[in-house]
Amino acid sequence: MSIDLAHFTPYSALAGGAMIGAAAAVLILGTGRILGAAGIFASALESRIGDDRWRFWWLGGLLLAPALARLAWSAPIPVFTASGLTLVVSGLLVGFGARLGSGCTSGHGVCGLARLSPRSMVATGAFMAVGFLTVFLVRHAIG
């Protein structure tokens with residue numbers, strides 16, 4: 001196995017991780033809420049008067065940030081090689097898994113591990129193991 005150094009971007013990945021960590025810290029210190037993307041999205045779909053405005057701002061920022069990055073740094077446009085059906089099914093499976101695991105990678109992996117939550121340690125280990133297994137099966141066993 002080798003690293004494609006032409007597309008290896010450790011600095012932008014480090015900066016992105018630092019920004020996610022900072023956003024998680026600001027949210028938990030400012031509001032006492034955990035930054036879990038799946039939970040924020042699911043809660044935004046439920047109708048609660050007065051408590052949901054910040055969720056829509058957060059989701060809007062999540063959608064707007066790549067466009068701003070594209071304008072500011074000429075960030076490349078993502079290219080998806082999978083079919084639309086594959087993307088939809090994959091998204092539904094990820095959403096189902098996030099509900100089944102009572103959280104997503106941002107909630108468990110970023111915030112839960114930072115709080116030393118045993119449940120988040122198990123969930124993050126499961127996410128990683130299933131991800132490794134999926135890549136192995138798709139790239140080596142099936143593909």
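Just so you know, these numbers come straight off a predicted model, no measurement behind them.
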If I compare all heavy atoms of [X] with all of [Y], which pair ends up nearest, and what's the gap?
X      : Y     : value
Cys104 : Ala37 : SG-N, 3.4 Å
Ala42  : Arg99 : CB-NH2, 3.5 Å
Leu35  : Ile40 : CA-CD1, 4.3 Å

Quiz item: What pairs with Ser12 under side chain to side chain donor-acceptor pair (under 3.5 Å), at least two apart in sequence or on another chain?
Solution: Thr9
Quiz item: Excluding sequence neighbours, so at least two apart, what forms side chain to side chain donor-acceptor pair (under 3.5 Å) with Thr86?
Solution: Ser83
Quiz item: Within the distance-only criterion (no hydrogens, no angle test), does the side chain of His108 pair as donor or acceptor with the backbone N or O of Ser102 below 3.5 angstrom?
Solution: yes
Quiz item: So does Arg70 have more than 12 non-hydrogen atoms from other groups sitting under 6.0 Å from CZ?
Solution: yes
Quiz item: Who are the side-chain contact (heavy atoms from CB on, under 4.5 Å) partners of Ile34, not counting sequence neighbours?
Solution: Ile28, Cys111, Arg115
Quiz prompt | Non-neighbouring partners of Leu87 that pass side-chain contact (heavy atoms from CB on, under 4.5 Å), sequence neighbours left out | solution = Phe80, Ala82
Quiz item: Going by heavy atoms in the side chains, are Arg33 and Trp54 under 4.5 Å from each other?
Solution: yes
Please output the side-chain donor-acceptor pairs of residues 58-68 that fall under 3.5 Å, not counting sequence neighbours, one pair per line with the distance.
none

Quiz prompt | Same apolar cluster: Leu93 and Leu85, side chain cutoff 4.5 Å | solution = yes
Self-check item: hydrophobic_cluster_shared for Phe96 and Leu92, side chain cutoff 4.5 Å
Solution: no
Distance-only donor-acceptor hits, side chain of residues 121-140, under 3.5 Å, sequence neighbours excluded:
from: Thr124; atom 1: OG1; to: Ser120; atom 2: O; distance (Å): 2.8
from: Thr134; atom 1: OG1; to: Val130; atom 2: O; distance (Å): 2.7

